[in-house]
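Take a look at the structure below.
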Amino acid sequence: MALVAAAATTAFAQDDLVKQAAKIDNWEEAVKTITPALTSSATVDKAKAYNTLVDITYKKFKKEDETKTTNQVLQKNDPVDTDGMVQAGIQAINAAIECDKYDQMPNEKGKVKVRFRKSNADRVQTIRQSLLAAGVDYANNKQDKQAMEALGIYLTSADAPFFEGQDMKSNDQNRGLAGFYAGRSAVALEDYTKAAEYFKVGVADTAKQVHDLSFEFLLYTMRLNQKTAEDSVKYLNDMTELYAQYPENDQVYGSLADAYLAKGDNAKVLQLAEQHLAKYPNSTLPHVYKAYLLMGEKKYDESIAEFDKVPEGAPVYLQCVFNRAVCKYNRAADFMEANADIRTGRLSPENDTTYRGYLEDAKKDFEKAQELDPDQMNVKWGYLLKNIYIATGQQDKADAIL
């Protein structure tokens, strides 16, 4: 009986804290007052307690939000506690979710009597819209921690159970934008796992700019997440999954191919290239990957044939022209080594013609690289082109290369 009496006393004490907190004007003090009732193991109406916490935090949120709106409409400049508004809003959403959890539990009679779901769903929806605007402002002002908090709960609260029957995602035109900004802030905070989650939301957006930017950042953050061998395996699996979703996307294809290269699985890179070309015969990247692998295997003629399939307008054209020139130069060098007389080191007239033809072919590509990148900012064409000029008796051109 003593234990029962003590438990009853504790429960009454917790109920008193709930009532006391509801009367306190300072929201932070009210939150401190009610917290013991929320964490207590005593028998207390937790749904009601959490709903009171929603009342407390929503009151603070609403006060600041209304002041902000009044300032905008009436062009006033009354002080607004934006940080307090956001933090109160976040606490209100979390409290509403907890309230709903307890509100779904059977009472002492074994029946479920939902009391707070509708009102809290309405209040949370109001808060979410303000958190979206505040989160974007935070992100633009490089207040990344605050941005990630505000936009993060904006995104996750769409799955709150009290929104049951409402599609809070498909009908949300701002969801992708929120994902992009939240992801960008997560990158700034070096939380790449969270960033990838948020960018996946941005990728699903139908707006091309949001989709494209989110895609670039998503691939970037997924690469950065490779810190251990297990991470690399996960990355390969993630890229395989992403490629299945977006097989036409060159960035995804290239990232998957790079993942196989990092693993040392060149055969898989070649297989992927053939599979991709079978579906997308006008794709350029598979030819680039094939060309580089064949070049590494010293299969220069085959590599040159693949480089030939890269069109001049391709972003990687300069690098391909240069490496095709290197292939042609190495082909000439290998021909010289294989066919030169052992005693004199010279070629027969017929072989010399073939050799010089190879050098002329290489010279055209090196000169094209020179034309596209005269200051050698991206490719170092100077040394080998100078060698060709010397070998073909064009000393004046060789001297002109510094």
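Since we're looking at a predicted model, the values are computed, not measured.
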Working to the nearest 0.5 angstrom, can you tell me the gap between Ile153 CD1 and Gln91 CD?
9.5 Å
Run the salt-bridge test on Arg115 and Asp103 with the 4.0 Å N-O cut-off and return the result as yes or no.
yes
Check Lys368 with Glu371, please: is the shortest side-chain N to carboxylate O separation under 4.0 Å?
yes
Quick test of your reading of the model: are Asp231 and Lys227 salt-bridged, counting only N-O distances below 4.0 Å?
no
For atom NZ of Lys364, is the number of surrounding heavy atoms from other residues, nucleotides or ligands below 6.0 Å larger than 12?
no
So for atom CD, which belongs to Gln245, do other residues, nucleotides or ligands contribute more than 12 heavy atoms lying within a distance under 6.0 Å?
yes
Is Lys60 salt-bridged to Asp55, cutoff N-O under 4.0 Å?
no
Just checking Lys48: does its NZ atom have more than 12 heavy atoms from other residues, nucleotides or ligands closer to it than 6.0 angstrom?
no
Does CD belonging to Gln395 count more than 12 external heavy atoms closer than 6.0 Å?
yes
Taking the six-membered ring for Trp, are Phe217 and Phe180 ring centroids under 6.0 Å apart?
yes
If we count only N and O atoms by modelled type, under 3.5 Å, do the side chains of Asp361 and Tyr329 hold a donor and an acceptor together?
no
Count the heavy atoms of every other residue, nucleotide or ligand shown that sit under 6.0 Å from CD of Gln75, and state whether that count exceeds 12.
no
Salt bridge Lys101-Glu98, side-chain N to carboxylate O under 4.0 Å
yes
If you count the non-hydrogen atoms of other residues, nucleotides and ligands that lie under 6.0 Å from CD in Gln166, is the total more than 12?
yes
Can you confirm whether or not the ring centre of Tyr198 sits under 6.0 Å from the ring centre of Tyr181?
no
Does the ring of Tyr300 carry Arg331 above it, NZ/CZ under 6.0 angstrom from centre and within 45° of its axis?
no
Can you tell me how far CZ of Phe163 sits from CE of Met168, rounded to the nearest 0.5 angstrom?
4.0 Å
Are any of the side-chain nitrogens in Asp341 or Arg346 under 4.0 Å away from the carboxylate oxygens of its partner?
no
Exceeds 12 heavy-atom contacts within 6.0 angstrom, atom NZ of Lys194:
no
Inspect the contact between Glu149 and Lys145 and indicate whether a charged nitrogen and a carboxylate oxygen are less than 4.0 angstrom apart.
yes
CZ/Phe335: more than 12 non-hydrogen atoms of other groups inside 6.0 Å:
yes
Please verify the inter-ring angle class for Tyr243 with Tyr253; under 30° counts as parallel, over 60° as perpendicular, anything in between as tilted.
tilted
For Arg117, is there an ion pair with Glu164 - N to carboxylate O distance below 4.0 angstrom?
yes
